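This is a predicted model, so every value here is computed, not measured. We name chains A, B, ... by the order of the sequence lines, and we start the count at 1 in each one.
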Amino acid sequence: MLEIRNLHVAIEDGTKKILNGLNLTIRDGEVAAIMGPNGSGKSTLSYVIAGKDDYEVLDGEILLDGENLLEMEPDARAAAGVFLAFQYPLEIPGVATMTFLKAALNAQRKGRGENELTTPDFMKRVKVGAEKLGIPQDMLKRGLNVGFSGGEKKRMEILQMALLEPSIGILDETDSGLDIDALKIVSEGVNALRSAKRSFLVITHYQRLLNYIVPDTVHVMSKGQIVRTGGKELAFELEANGYADYVTNAAA
Amino acid sequence: MSNIAPLKTEAEQALIAQGSGIAPDRKAAFERFLESGLPHRRVEAYHYTDLRALLKNAPPPAKAGGKVSVTSPLADIDADIITIVDGHYEASLSSTPPKGVTVKMVTTLADDGSAQKSVLSSDPVIALNAAFSDSALDIAIDAKTELVKPLIIRLVTTAAHASYPRVRITVGDHAKAFIVESHEGGVAGSLIDSVLEVRMGDHVVFDHLRLNVVDHAATVLTSFGGAMGKESLCRSHNFIVGGALSRHQIFFRFEGEQSKAEISSASLLNKKQHADSTLVVDHAVPECQSREFFAHVLDDESTGVFQGKIIVRPGAQQTDGKMMSRAIVLEDGATMNNKPELEIFADDVACGHGATVGALDEDLLFYLRARGLPKTEAEALMLQAFVGEALESIEHDGIRDVLEALAEQWLKARSA
Ligand SMILES: Nc1ncnc2c1ncn2[C@@H]1O[C@H](COP(=O)(O)OP(=O)(O)O)[C@@H](O)[C@H]1O
Ligand SMILES: [Mg+2]
C-alpha cells in the first residue's frame, strides 16, 4: 500500500511550491489514475516518490507498506518496490541496453537480499519480456534508448518494469507519443503485470489510455493537490468537459 | 657556456652533476638542455606542468637493468615482445623478431640532432632524453610486411633511478603493424623519460598504443613522434592510469597527402596524480585528415592537462582536423586544464576543436539509480561508457578487452 499524506514540495531553492498538501492512498492491487492539466505537478509527484533530489520536501510523508520512502536513497526505493516509467526516458550512450538491464536487475536483487541471476536465466527473462512487447533483439545490443523512437523508449520502460517486478509501478504519461498499436502493446504489457499485490499509479493527460488500462480509481490533480476522486467514469467526464474547471477553481 | 640560465632546483643540480661525465657525442644535446634547464610555468608548453616545481629530484641513470617482478597487464596477449628494463634492452625477456622485422641496438648513438630535425620538436624533455640515452633500439619493418601479432615493447622500471630509453621505428611502404609501448613497474623516486620515434612510409597502416600503468609514486615522461607518408593510416591510442607525475607527448606530422590519423586517449586519475597529455598534429601537406579525442576522468585531488594543437601549414589545403577533449571531474578537489589550439595558415580547410569539463549528468545518474543501481555503481557504469568511447577504435579485441578491464578495475577500486 502506498500512502501519501499532506505532501508539500518546492523546487530546490524553495521559492516555487509545486505540491501543496497532496493526499493519496493506493491499496495493494489497485490501479489508480491521476489526471490533470499540464503543469499541475504530476511528474513532480512521480519524481518525489522515486527520490529525485531536485525537489525539497517541506512537509508530509510517503509510506510504502509502512516504510518511509522519503528517508531512502533512490536505489533503496527501487529495491523496496518502487518503479517509475519516465515520461522522457533518458538516453545513455555507450551503455548497452543488455548491460544496463543486467546491472539493474542484479543490483535490485542484491538490494532485496536475493542472489544474482545466472546469465542464461537472465537472458531468458529478457527474451520472453522483449518478445511480448515487440522489442527486437538487436535493439537490446544498442546503447540504452540511443536512437530509439518515442514508442520504443516507452516499450523499453515497460520491459524494465516487467523485469524488476515492482510493488508499485508509476507510469508517467506512458501514452504520450504512442500510436494506437504501440498503445495497445504497452497497455497489454502493463495489464499482464496486474496482480493482487502490485499496484499502479497511471499518470495521464488523456482518457484514451484508460480504455486500455482500466483504473479502479481516478484522481484529478490541480495545482499540486488531488481535488477530486472517483471511479473510472470520472475520466470520461474529464474527457468531455476538459480541465477548464480545475485550472480556474483549484485554488479555491 | 656563458649564457646559461641559473639552475637552482635539486633536480636540476643532480642533472648537471650527472651530465659532467657525458660522452662527447651527447654533449650538444646536454648543452641544449642546460641552456633552458627544466621547463617551468613561464614556458608556454609547460605552463600547466611546471617540471621545475613538480620534479623533486632526478635520480642517476640506471647502469644496468634490474630484476623484473611485475606482470604486464598484456601478458596474455599473443604478441611479439621486446623488453627494455631500466632503459636497457633485455634479450632474455624478448622474443625473436618476426619475419620482415629487424631489431638492432645502436650503442654509439651519434647526436645528429634528429630529435630536433625530424618528427620531434625541440622539446626539453626530448632534449634530456637525447642527452642521457646512450643507446637506441632501432626497429625496421620491411616494406609490405604485415605483422599479424602486435609487437609489445615493455618499458619496465625496477628501482629508484632514471632511464632514458629511445626507440626508433621505420615502417616500410605498404607495411602494417601494431606497436605497443607499455610503461610498467616504477617505484617512488623513479623517473623514465622515453622517446618513441616512428617514420612511416606510404600506404602504411600503423597502430600504436601507449599504456601507462606505472606505480602511482613514479615519474613518467614519454614522447611519441610520428611522421607519415602518403595514403596511410595511423591510429594512436593512449591509456593512462599510472604515475604520480606524468607527461605524454605526441608530435605527429603528415608528410604525404591523403593520409589519416586517429589519436585517442583515456586518462583515469585519482589521489594527487598529475597527468599531462600534450599533442601537436602538424598538417604539413594537403588533403590529410586527423581526429583527436582525449578523455579524462578525475577523482580526488588529481590534475589533468590536455594541450592540443593542430597546425595547418601554408598550402595544406583540404585539411580536415577535429580535436575534442572531454573531462569528467568527480570531486571538487580535482582539476582539469584544457588548452586546445588551431594554427591555420591555409584557407580551404575544415578544422575544429571542442573541450568540455563537467560532472556526471545528474539526470542520467538518477535514471540509473531509480532502476536500483547504487550511486557508485551507476557512476561506474557511466564512466565505463565514457572511457569506452576512447577505446572503441582499438581493433585488437584482446587488447581492447584488457584496457576495458583495467578501467573496470579502476572504477571498482573507487567504489570499494
Ligand atoms: N526541476 C524543476 N525546476 C523548476 N521548475 C520545475 C521543476 N520541475 C517542475 N517544475 C515546475 O513545476 C510545475 C509542475 O511541473 P510538472 O510536475 O512537470 O507538471 P505536470 O507533469 O503535471 O505537467 C511546472 O510549473 C514546472 O515548470
Ligand atoms: Mg509531466
Side-chain angles (χ1 to χ4, degrees), chain A residues 12 46-55 69 72-97 99-112 114 143-146 153 156-157 159-161 163-166 169-170 172, chain B residues 237 239 264-266 268 293-297 324 326-328 354 356 358-394 397 400-401 403-412 414-416:
Chain A
E12 210 170 23
S46 71
Y47 283 141
V48 172
I49 298 171
K52 194 170 193 200
D53 62 8
D54 296 3
Y55 303 97
L69 289 184
M72 295 157 68
E73 295 290 318
D75 44 291
R77 298 185 198 199
V82 175
F83 182 91
L84 168 61
F86 283 58
Q87 180 171 0
Y88 303 108
L90 287 93
E91 299 188 1
I92 311 195
V95 177
T97 304
T99 309
F100 159 76
L101 291 175
K102 193 165 186 189
L105 205 50
N106 282 332
Q108 211 208 39
R109 290 177 73 89
K110 206 165 145 196
R112 289 174 183 173
E114 296 164 6
L144 181 63
N145 290 330
V146 178
K153 286 180 186 170
M156 194 55 76
E157 293 290 286
L159 173 62
Q160 291 169 35
M161 181 163 73
L163 293 170
L164 293 170
E165 302 176 330
I170 304 166
D172 189 3
Chain B
H237 308 282
F239 187 87
S264 65
S265 171
L268 304 174
F293 178 69
F294 283 72
H296 282 81
V297 177
M324 187 68 205
R326 285 190 207 284
I328 291 181
T356 61
L360 283 171
D361 186 306
E362 287 291 333
D363 290 334
L364 288 183
L365 274 180
F366 172 67
Y367 186 66
L368 293 174
R369 298 188 70 194
R371 294 295 175 260
L373 292 171
K375 186 161 184 261
T376 47
E377 245 181 82
E379 287 177 348
L381 200 60
M382 286 180 62
L383 292 170
Q384 185 94 26
F386 175 74
V387 173
E389 208 183 326
L391 304 178
E392 69 188 4
S393 56
I394 299 176
D397 291 341
R400 195 180 54 248
D401 287 349
L403 301 185
E404 278 170 0
L406 285 174
E408 205 174 320
Q409 229 174 59
W410 189 92
L411 293 165
K412 276 227 176 77
R414 182 175 174 259
S415 38

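Scanning both residues, Ala385(B) and Pro93(A), for their nearest heavy atoms gives CB-O, 3.5 Å. Annotation for Asp363(B) and Lys52(A): closest pair OD1-NZ, 3.0 Å, computed over non-hydrogen atoms. Closest approach of Lys375(B) and Asp75(A) over heavy atoms only: N-OD1, 4.3 Å. Closest non-hydrogen pair, Leu373(B) versus Ala104(A), comes out as CD2-N, 4.0 Å.
Taking 4.5 Å as the limit, every side-chain heavy atom of Leu101(A) sits out of range of all side-chain heavy atoms of Arg371(B).
Rounded to the nearest 0.5 angstrom, Ile92(A) CD1 and Met382(B) CE are separated by 6.5 Å. To the nearest 0.5 angstrom, Leu368(B) atom CG is 7.5 Å from Leu144(A) atom CG.
Using cut-offs of 30° and 60° for the angle between ring planes, the Tyr367(B) and Phe100(A) rings count as parallel.
Among Leu105(A), Thr99(A), Leu84(A), the residue making the largest number of heavy-atom pairs under 4.5 Å with chain B is Leu84(A). Ranked by heavy-atom pairs shorter than 4.5 Å toward chain B, the options Ala78(A), Gly51(A), Pro74(A) are led by Pro74(A).
Heavy atoms closer than 4.5 Å to chain B are found nowhere in Ala79(A), neither backbone nor side chain. The contact between Leu90(A) and chain B is made by backbone and side chain atoms together, counting heavy-atom distances below 4.5 Å. In this structure, the portion of Glu377(B) lying under 4.5 Å from any heavy atom of chain A is its side chain and not its backbone.
By the neighbour-count criterion of 12 heavy atoms within 6.0 Å, atom NZ of Lys110(A) is sparsely surrounded, having that number or fewer from other residues, nucleotides or ligands. Heavy atoms of other residues, nucleotides or ligands lying less than 6.0 angstrom from OH of Tyr55(A) number more than 12.
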